[in-house]
Structures are given as C-alpha cells and as structure tokens.
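Let me begin by presenting the structure, written as structure tokens, before commenting on it.
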Protein chains: 2
Amino acid sequence: MSEVETVRQAFVQLWGSMGPFWGISPTTARVYSWLLSRAEPADADEIVQGLEMSRGAVSMACKELREWHLIFPEKAPGSRRVTYRPATDLEKVIRNIVEIRKRREWDPVLESLREWIPLLEADPSPEAEVFRERLESLESLVALTDSMVNVFLKGGLLGRFGLKMLVKAARDEPRHETPDEELVLQLEESP
Amino acid sequence: MSEVETVRQAFVQLWGSMGPFWGISPTTARVYSWLLSRAEPADADEIVQGLEMSRGAVSMACKELREWHLIFPEKAPGSRRVTYRPATDLEKVIRNIVEIRKRREWDPVLESLREWIPLLEADPSPEAEVFRERLESLESLVALTDSMVNVFLKGGLLGRFGLKMLVKAARDEPRHETPDEELVLQLEESP
DNA sequence: CAGAAATTTCAATACTTTTTGAAATTACAA
DNA sequence: TTGTAATTTCAAAAAGTATTGAAATTTCTG
C-alpha cells in the first residue's frame with residue numbers, strides 16, 4: 001500500500017474516534033477526514049467505496065457536514081452528480097463548531113444558573129444557602145469562560161491577528177490594577 | 001416540593017446531560033452534581049436513595065469521580081461507612097479535567113500528525129502533497145491550541161491571577177512585532 | 001479472629017445510538 | 001414531459017453503552 005493510503009487510513013481512524021469530542025458522530029468525522037485527505041472533491045459513491053460504508057450512512061454524514069459548513073456540494077454541469085469539497089480553512093471550521101456548540105449547549109447553562117440562584121435566595125434553609133453559593137461560583141466560572149470563548153469567536157486568539165490581538169488589548173490597558181470583570185468586558189468589546 | 005429540591009433536580013438533570021461533553025458518563029456527572037447540591041457529604045446509600053439508582057452504579061460512579069479527584073472519601077471513625085465530599089474549588093476541578101483529557105486525547109494527536117508528515121514528504125505524488133499541506137496546517141493549529149491550554153494549565157487565564165497573568169505577559173513583550181510562535185513560547189515559559 | 005457491615009465486581013439485561021438497505025423522492029438531461 | 005440517475009428517508013437490525021443486582025470481596029469492629 002502507498003504511503004498516502006497508509007496515512008489516510010490512520011488519519012481517518014484517528015479523527016473518527018475524536019468525532020464525539022467535537023459533538024460529531026464517528027462516521028461523520030470519518031467522512032470529513034477522508035475528504036480532507038484527498039486532493040480532489042469526491043462524490044457519494046467514491047466515499048462509499050473509500051470508507052466501506054452504506055449509501056445511506058454517507059448521505060446522512062454529508063447532510064450533517066453540510067449543516068456544519070464543513071463540506072460544500074458542487075455540481076458538475078451536464079451531470080446530476082454532486083461532489084463534495086471539504087472546507088480547508090481549519091481555523092474557520094473550528095470557530096464554527098465552537099460557536100454552534102456554545103450557543104446550543106452552554107448559553108442555556110448560563111441561563112439556567114441565573115434562573116436558579118434567585119430561587120434559592122428565597123429559601124432560608126442552610127442547605128439552600130450552601131447550594132446557592134456553589135451555583136454562584138459555578139456561574140462566575142461559566143461566565144468567565146463564556147467571555148473568553150467570545151473573544152475567540154470574534155476573531156481573537158487564533159484569528160486574523162493570531163495572539164497579537166490579545167497582546168494589543170492588554171497593552172492598551174492602563175497600568176493600574178484592573179478588576180477581571182472590566183478587562184473581560186473590554187476584551188469582548190474591542191473591534 | 002421545596003425550592004432546594006426543585007433546583008436540585010433541575011441541576012442534576014442539566015449536569016447529567018452535559019457529562020459527555022466533559023468526557024464523563026451522565027450517571028457519574030449526576031452523582032457529582034447531586035453531591036454538590038448538598039451541604040453535607042453523603043454515603044453511597046443516600047446517593048442510591050437520592051438519585052434512584054442501583055448500588056453498583058453508585059459504586060462505579062464514585063470510583064470514577066475519585067479517579068478524577070472530583071470527590072474525596074471520608075471515613076467516620078468507629079464506623080465502616082464512607083462518605084463522599086465533592087471538590088468545591090471548581091476552577092481546580094476544571095483544570096484537572098482539562099489536563100487529564102489533554103494528555104489522554106490530544107497529546108497523541110499531535111504525536112501522530114508529526115509522525116505522518118515526514119511519511120508523506122517521502123511520497124512524490126501530488127495527492128500526497130496536498131494531503132501533507134493539510135496535515136501541516138492542522139498540526140500548527142493543534143500546536144497553537146496546545147500552547148494556549150498549557151498556559152491555562154500552568155495557572156493562567158482562570159488561575160490565581162485571573163486574566164492578569166496574560167495581560168502581564170503581553171505588557172512585558174517588547175514593542176516590535178513578534179511572530180506568534182515566539183510569543184507562545186514566551187507565554188509557556190513565563191513563571 | 002470471627003462476624004457482619006460495607007463496598008466492589010461482573011455477567012446478564014436493558015437501553016441508546018448508529019448503521020443498513022430498500023423504497024420513496026428528487027433532480028435533471030434528453 | 002419522460003425516464004432514469006442520484007439522493008434521501010426511515011423502519012428494522014446491529015452494535016455499542018449503561019445499568020442492575022446478586023455473589024465475591026474487602027474492611028474493620030467487637
């Protein structure tokens with residue numbers, strides 16, 4: 001077997017097993033990584049052959065990948081065949097996944113925590129007090145993480161400016177000690 | 001039902017469903033969040049009662065939680081009963097989870113990518129070249145993320161200094177333009 | 001050390017998720 | 001519009017995970 005084929009197999013296997021980490025099924029992740037490993041876009045039949053999976057599974061996987069904007073369908077004119085080209089701007093891909101998952105999974109968590117805390121404040125038992133304190137520290141932590149993710153999503157950290165944006169935001173900061181909350185806010189609101 | 005009980009149920013339910021996100025089974029996550037919601041440590045029987053699950057499941061969940069250092073067993077002297085106290089320093093808890101998962105799941109990815117790239121360099125086909133280029137950009141991306149996670153793990157971002165550490169690292173930077181790689185290195189190596 | 005309380009283990013079972021493949025639908029060249 | 005290639009859907013089957021509970025083991029009091 002050629003080197004490419006050997007590496008392709010290992011790569012597809014590895015990213016397939018990491019799919020669940022990204023909230024993507026192993027099969028879907030395998031289809032994407034297989035497409036990434038090919039120089040040219042491929043149609044569904046080629047994927048069926050290359051990965052030895054059923055027509056239906058490929059269709060499902062491609063549907064999901066289209067929704068995540070991880071692949072783009074292309075129609076060759078004069079034919080009904082659709083080929084798929086994988087997104088290769090991996091930074092954008094990751095930012096996309098993070099954004100969607102944050103909205104779907106984390107935003108509701110923050111909402112819930114903020115609803116629950118006042119409910120517990122209304123309960124005078126010591127049990128409720130301890131619980132409320134813990135929810136409060138959880139809330140701060142999630143909120144801080146949320147801010148950092150927002151910075152990342154607005155094109156920071158890994159974005160157009162790489163780490164430089166963060167460096168600049170920090171440099172522009174006045175020298176006096178700044179409470180974390182303010183800083184986070186400022187980072188979120190910088191251009 | 002009391003407010004505490006209402007919120008407890010919702011909380012346990014929510015964190016149970018988020019368990020998989022953290023690489024923890026829903027049951028295990030439910031046990032931890034249930035313990036977090038109680039002012040006092042609880043023994044296995046109380047957990048069985050509170051969460052309506054089997055003795056065995058509770059034992060498994062507690063074992064896993066002990067391994068993650070998310071709960072600490074305590075022995076009341078003069079009795080063989082073990083009670084579990086949940087870790088409440090949630091920052092430490094999260095850093096712990098991130099560290100273990102990074103080591104287990106991401107470090108091998110970086111290793112694999114670095115093994116594969118030279119193999120593809122040896123293959124002269126254009127197919128191999130495109131594939132290698134993509135693996136290379138993937139490698140840079142994973143490496144950069146890895147550096148940022150390392151900063152976080154060394155007590156940065158959410159650590160003792162909050163965001164201030166990062167701000168300081170950035171301020172101490174000379175004014176000339178710095179390539180990202182250098183900056184990352186410097187961040188990783190600061191005290 | 002004996003006995004019993006407590007915990008852990010693990011094979012069997014229940015449940016959930018993924019995958020298949022054939023039928024239904026869609027898209028389009030002729 | 002028609003015929004057909006291509007895709008999608010979805011009920012059923014397979015695979016994979018989680019849960020149970022009774023037996024085995026551990027732990028430690030008396």
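We name chains A, B, ... by the order of the sequence lines, and we start the count at 1 in each one. Only heavy atoms go into these numbers, but all of them, side chains included; no hydrogens, no water, no symmetry mates.
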Show me, pair by pair, the donor-acceptor contacts under 3.5 angstrom made by side chains of residues 14-22 of chain A, not counting sequence neighbours?
{"from": "A/Ser17", "atom 1": "OG", "to": "A/Leu14", "atom 2": "O", "distance (Å)": "2.7"}

Could you tabulate the donor-acceptor pairs under 3.5 Å formed by side-chain atoms of residues 39-57 of chain B, not counting sequence neighbours?
{"from": "B/Asp43", "atom 1": "OD1", "to": "B/Asp45", "atom 2": "N", "distance (Å)": "3.1"}
{"from": "B/Asp43", "atom 1": "OD1", "to": "B/Glu46", "atom 2": "N", "distance (Å)": "2.9"}
{"from": "B/Asp43", "atom 1": "OD2", "to": "B/Arg81", "atom 2": "NH1", "distance (Å)": "2.8"}
{"from": "B/Asp45", "atom 1": "OD1", "to": "B/Arg55", "atom 2": "NE", "distance (Å)": "3.3"}
{"from": "B/Glu46", "atom 1": "OE1", "to": "B/Asp43", "atom 2": "N", "distance (Å)": "2.9"}
{"from": "B/Ser54", "atom 1": "OG", "to": "B/Ala57", "atom 2": "N", "distance (Å)": "3.1"}

What side-chain donor-acceptor pairs closer than 3.5 Å can you find for residues 59-71 of chain B, not counting sequence neighbours?
{"from": "B/Glu64", "atom 1": "OE1", "to": "B/Thr28", "atom 2": "OG1", "distance (Å)": "2.9"}
{"from": "B/Arg66", "atom 1": "NH1", "to": "B/Tyr84", "atom 2": "OH", "distance (Å)": "2.7"}

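Residues of residues 31-40 of chain A having a heavy atom closer than 4.0 Å to DNA chain D: none are found.
Per the geometry, CD belonging to A/Glu46 stands 18 Å off P belonging to D/dA5, to the nearest Å. Look at CD1 on A/Ile71: it is 12 Å from P on D/dT7, rounded to the nearest Å. Between the NZ atom of A/Lys63 and the P atom of D/dC10 there is a distance of 8 Å, rounded to whole Å. What separates CD of B/Glu64 from P of C/dT9 is a distance of 13 Å, to the nearest Å.
In this structure B/Glu99 satisfies the salt bridge (charged side-chain N to carboxylate O under 4.0 Å, His left out) test together with B/Arg103, sequence neighbours excluded. In this structure A/Glu115 satisfies the salt bridge (charged side-chain N to carboxylate O under 4.0 Å, His left out) test with no other residue, sequence neighbours excluded. For A/Glu136, the side-chain hydrogen bond (donor to acceptor under 3.5 Å, both in side chains) partners are A/Arg132, not counting sequence neighbours. Checked against salt bridge (charged side-chain N to carboxylate O under 4.0 Å, His left out), A/Arg114 has the following partners two or more places apart in sequence or in another chain: A/Glu139.
Proximity of A/Arg66 to the phosphate of D/dT8: a side-chain N or O atom is located under 4.0 Å from OP1 or OP2.
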For DNA chain D, the dot-bracket notation using Watson-Crick and G-U wobble pairs below 3.5 Å, [ ] for pseudoknot-type crossings and | for other-strand pairs, is ||||||||||||||||||||||||||||||
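Pairs of residues two or more places apart, or lying in two chains, that qualify as salt bridge (charged side-chain N to carboxylate O under 4.0 Å, His left out) and include a residue from residues 8-30 of chain A are A/Glu5-A/Arg8, A/Arg8-B/Glu127. The ring-ring contact (aromatic ring centres under 6.0 Å, His included) contacts involving residues 107-140 of chain B comprise A/Phe11-B/Phe131, where partners must be two or more places apart or lie in separate chains.
The local environment of CD in A/Gln13 is sparse, with at most 12 non-hydrogen atoms from other residues, nucleotides or ligands closer than 6.0 Å. For B/Glu74, the CD atom sits in a packed shell: over 12 heavy atoms of surrounding residues, nucleotides or ligands are nearer than 6.0 Å.
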In B/S/- notation (B base, S sugar-phosphate only, - none; protein heavy atoms under 4.0 Å), nucleotides 15-30 of chain C written 5' to 3' is ----SBB------BS-
